[in-house]
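Sequence lines set the chain letters: A, B, ... in the order given, protein chains first and strands last, and positions in each chain run from 1. Keep in mind that what you see is a predicted model, and the values were worked out from it rather than measured.
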There are 2 protein chains.
Amino acid sequence: MRLPIGVRPARPKEYLFVKMPNSIQRMTRQRRILLDVLDRKNWHPTAEEVYHIVRKQAPRISLGTVYRNLDILSRQGTITKIEEAGTQRRYDGNPTPHYHLKCLDCGEVWDVPDEAVTWQRPLDVAIPGFTITGHRLLFEGYCARCMEERQ
Amino acid sequence: MRLPIGVRPARPKEYLFVKMPNSIQRMTRQRRILLDVLDRKNWHPTAEEVYHIVRKQAPRISLGTVYRNLDILSRQGTITKIEEAGTQRRYDGNPTPHYHLKCLDCGEVWDVPDEAVTWQRPLDVAIPGFTITGHRLLFEGYCARCMEERQ
DNA sequence: CCCTTATATGATACACAGTGACAGGAAAGA
DNA sequence: TCTTTCCTGTCACTGTGTATCATATAAGGG
């Protein structure tokens, strides 16, 4: 579990020019379960998947509440939102920056271990007139299972 | 203009395990206009934006036709589909691999000139059990105009 | 421990981006 | 010009996520 019951999470860290969201004020039952469910390694569920799992513990939770909390938590920096236009968003309980790997066949997403990526300096970019605050890197390919199935 | 009228573009290049799309068979008026409109440097319109511009030359074109063609052309390799930047997909008339830059404030997307990116080894990744076919890299930050407006 | 109050929830309707189906239209080769 | 079959426009529809609002409840104070 990420946060002890009743403990307010840290306020959103200030970030250059980023409009800061409402942060968490209350640790509700639903929110606690949701955080607990998201706290697994190398798991990148869609909102729908989170919803189905959370319902085992909170059968009357609404999908809206799941979306609302996933949004709040990701904007607040507690979880990561993986956005790709045209597809379903995925969420990642791990808030520290890291890269992802996506199977082009089944759509599943995995973490890329830092040591698997080789570049000597962690990537330097300079574009005149632009203030760069970060980058997102997604690797694409085919997972072992999908490779097998297609042979 | 990318393709002379009446010239069929190259058939889709075969690619490991990728289901190949229907490729272009006919150079229709609508398709010609669309390709013409997309052929601008450093422009990354949404389907909606393309639609509005194409309609100046083909007022009765449907949004469905725009989507259909953007999809066919990108799968065929004539244009690039940008999925990682925001909620709406964007399209890029430039089919050669390159990176993009997105303003987190206005949502606009630009090309990153290759020489602006510095990494000593050209990015190497090895993940057991995974066949990597490519990667997508998106830089995020704030453009000059948005920086100014917020000061 | 109960009361108060603002935040969070559940229900529902809605918005948006993109897709599917299909009859009619028009490219391209004969 | 004719024929074939791919493509278009129309329109209904789906899936993902958002807005609204009455009700419920967490958290701090008395």
Side-chain angles (χ1 to χ4, degrees), chain A residues 3-9 11-12 21-35 44-52 54-55 57-76 78-79 81-91 107 109, chain B residues 3-9 11-12 19-35 44-52 54-55 57-76 78 81-91 107:
Chain A
L3 282 165
I5 301 166
V7 172
R8 295 191 183 188
R11 293 231 130 217
N22 322 330
S23 62
I24 290 181
Q25 301 295 327
R26 294 181 190 170
M27 183 52 66
T28 61
R29 200 174 97 78
Q30 294 85 337
R31 196 165 276 169
R32 204 171 62 239
I33 294 169
L34 200 146
L35 279 166
H44 309 87
T46 62
E48 204 72 39
E49 285 168 352
V50 172
Y51 175 60
H52 283 302
V54 168
R55 282 221 291 182
Q57 289 183 70
R60 293 189 53 76
I61 198 172
S62 74
L63 188 54
T65 297
V66 172
Y67 271 112
R68 212 183 292 123
N69 276 300
L70 289 174
D71 188 52
I72 291 170
L73 291 167
S74 66
R75 296 214 274 162
Q76 185 233 20
T78 307
I79 65 173
K81 191 190 281 189
I82 310 173
E83 272 184 297
E84 245 189 296
T87 58
Q88 261 177 301
R89 281 178 200 151
R90 290 178 173 275
Y91 299 86
V109 174
Chain B
L3 282 167
I5 300 165
V7 172
R8 294 188 183 188
R11 293 230 129 219
K19 293 183 205 81
M20 262 304 146
N22 322 331
S23 62
I24 291 181
Q25 300 296 327
R26 294 181 189 169
M27 183 51 68
T28 60
R29 200 175 97 78
Q30 293 86 338
R31 197 166 276 167
R32 204 170 63 240
I33 294 169
L34 199 147
L35 279 166
H44 309 86
T46 62
E48 205 72 40
E49 285 167 353
V50 172
Y51 174 60
H52 284 302
V54 168
R55 281 221 293 181
Q57 289 184 69
R60 293 188 55 76
I61 197 171
S62 74
L63 187 55
T65 297
V66 172
Y67 270 112
R68 213 183 290 125
N69 276 300
L70 290 173
D71 188 51
I72 290 171
L73 291 166
S74 66
R75 295 215 273 161
Q76 186 233 20
T78 307
K81 193 189 278 188
I82 310 173
E83 303 205 292
E84 62 266 41
T87 49
Q88 260 176 299
R89 284 183 194 141
R90 290 179 174 273
Y91 298 86

Separation of atom [atom1] in [X] from atom [atom2] in [N], rounded to whole Å:
X	N	atom1	atom2	result
A/Arg55	C/dG10	CZ	P	11 Å
B/Lys81	C/dG18	NZ	C1'	10 Å
B/Asp71	C/dA17	CG	C1'	13 Å
B/Arg75	C/dG18	CZ	C1'	13 Å
B/His52	C/dA17	NE2	C1'	13 Å
A/Tyr67	C/dG10	OH	P	16 Å
B/Asn69	D/dC6	CG	P	15 Å
B/Leu34	D/dT8	CG	C1'	13 Å

Protein-nucleotides 11-13 of chain D N/O pairs under 3.5 Å:
none

DNA chain C: 5'-proximal contact among B/Ala47 and A/Thr65 (nearest heavy atom):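 Mapping each residue to its closest nucleotide by heavy atoms, the 5'-most match is A/Thr65.
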So [X], base contact, sugar-phosphate only, or nothing? Heavy-atom distance under 4.0 Å.
X	answer
B/Arg60	sugar-phosphate
A/Ile61	sugar-phosphate
B/Arg29	nothing

Excluding sequence neighbours, so at least two apart, what forms salt bridge (charged side-chain N to carboxylate O under 4.0 Å, His left out) with A/Glu48?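 Listed in chain order: nothing, the list is empty.
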Main chain of A/Tyr91, side chain of A/His44: is a donor-acceptor contact present, judged purely on distance under 3.5 Å?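 Side chain of A/His44 to backbone of A/Tyr91: no pair is present.
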Select one nucleotide: of [options], the one nearest the side-chain heavy atoms of [X].
X	options	value
A/Thr28	D/dG17, D/dT8, C/dT9	C/dT9
B/Ser62	D/dG9, D/dT8, C/dA11	D/dG9
A/Met27	C/dT9, D/dA27, C/dT19	D/dA27
A/Arg68	C/dT9, D/dG17, D/dT8	C/dT9

From [X] [atom1] over to [Y] [atom2], what is the distance, rounded to the nearest 0.5 angstrom?
X	Y	atom1	atom2	value
A/Ile79	A/Leu70	CD1	CG	5.0 Å
A/Leu73	A/Leu35	CG	CG	5.0 Å
B/Glu83	B/Ser74	CD	OG	8.0 Å

Any B/Arg89 side-chain nitrogen or oxygen under 4.0 Å from OP1 or OP2 of C/dA17: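 For B/Arg89, the contact criterion (side-chain N or O under 4.0 Å from OP1 or OP2 of C/dA17) is not met.
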Would you say C/dA26 has OP1 or OP2 under 4.0 Å from some side-chain N or O of B/Gln30?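 Answer is no, no contact under 4.0 Å.
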What is the minimum heavy-atom distance between A/Leu63 and A/Ala47, and which atoms define it?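 Smallest interatomic distance, heavy atoms only, reads CD1-O, 4.4 Å.
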Ignoring hydrogens, what is the shortest heavy-atom contact between B/Val66 and B/Leu34? Give both atom names and the distance.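 Taking every non-hydrogen atom into account, CA-CD1, 4.0 Å.
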Under the rule for side-chain hydrogen bond (donor to acceptor under 3.5 Å, both in side chains), what residues qualify as partners of B/Tyr51, not counting sequence neighbours?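 B/Tyr51: side-chain hydrogen bond (donor to acceptor under 3.5 Å, both in side chains) contacts with B/Arg55.
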Is any side-chain heavy atom of A/Lys81 closer than 4.5 Å to one of A/Asp71?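 Counting from C-beta outward, A/Asp71 and A/Lys81 do come under 4.5 Å.
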Heavy-atom side-chain contact between B/Arg90 and B/Glu49 under 4.5 Å: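 A side-chain contact exists here, since the closest heavy-atom pair is under 4.5 Å.
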So what is the end-to-end bend of the helix from C/dC1-D/dG30 to C/dA30-D/dT1, with 5 pairs used at each end and the value given to 10 degrees?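 Helix axis angle between the two ends: 40°.
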Among all residues two or more places apart in sequence or in another chain, which pass the side-chain contact (heavy atoms from CB on, under 4.5 Å) test with B/Thr65?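 Here the qualifying residues are B/Gln30, B/Ile61, B/Ser62, B/Arg68, B/Asn69.
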Nucleotide N/O of nucleotides 2-5 of chain D paired with protein N/O under 3.5 Å:
residue	atom	partner	partner atom	Å
D/dT5	O2	B/Arg26	NH1	3.2
D/dT5	O2	B/Arg26	NH2	2.2

Apply the test side chain to side chain contact (heavy atoms under 4.5 Å, CB included) to residues B/Arg29 and B/Gln57: give CA-CA distance (whole Å), side-chain angles for both, the deciding distance (0.1 Å), then the verdict. CA-CA 10 Å; B/Arg29 200 175 97 78; B/Gln57 289 184 69; 5.7 Å; no
Can you tell whether the side chains of A/Arg89 and A/Glu84 come within less than 4.0 Å, N to carboxylate O?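 A/Glu84 and A/Arg89: not salt-bridged.
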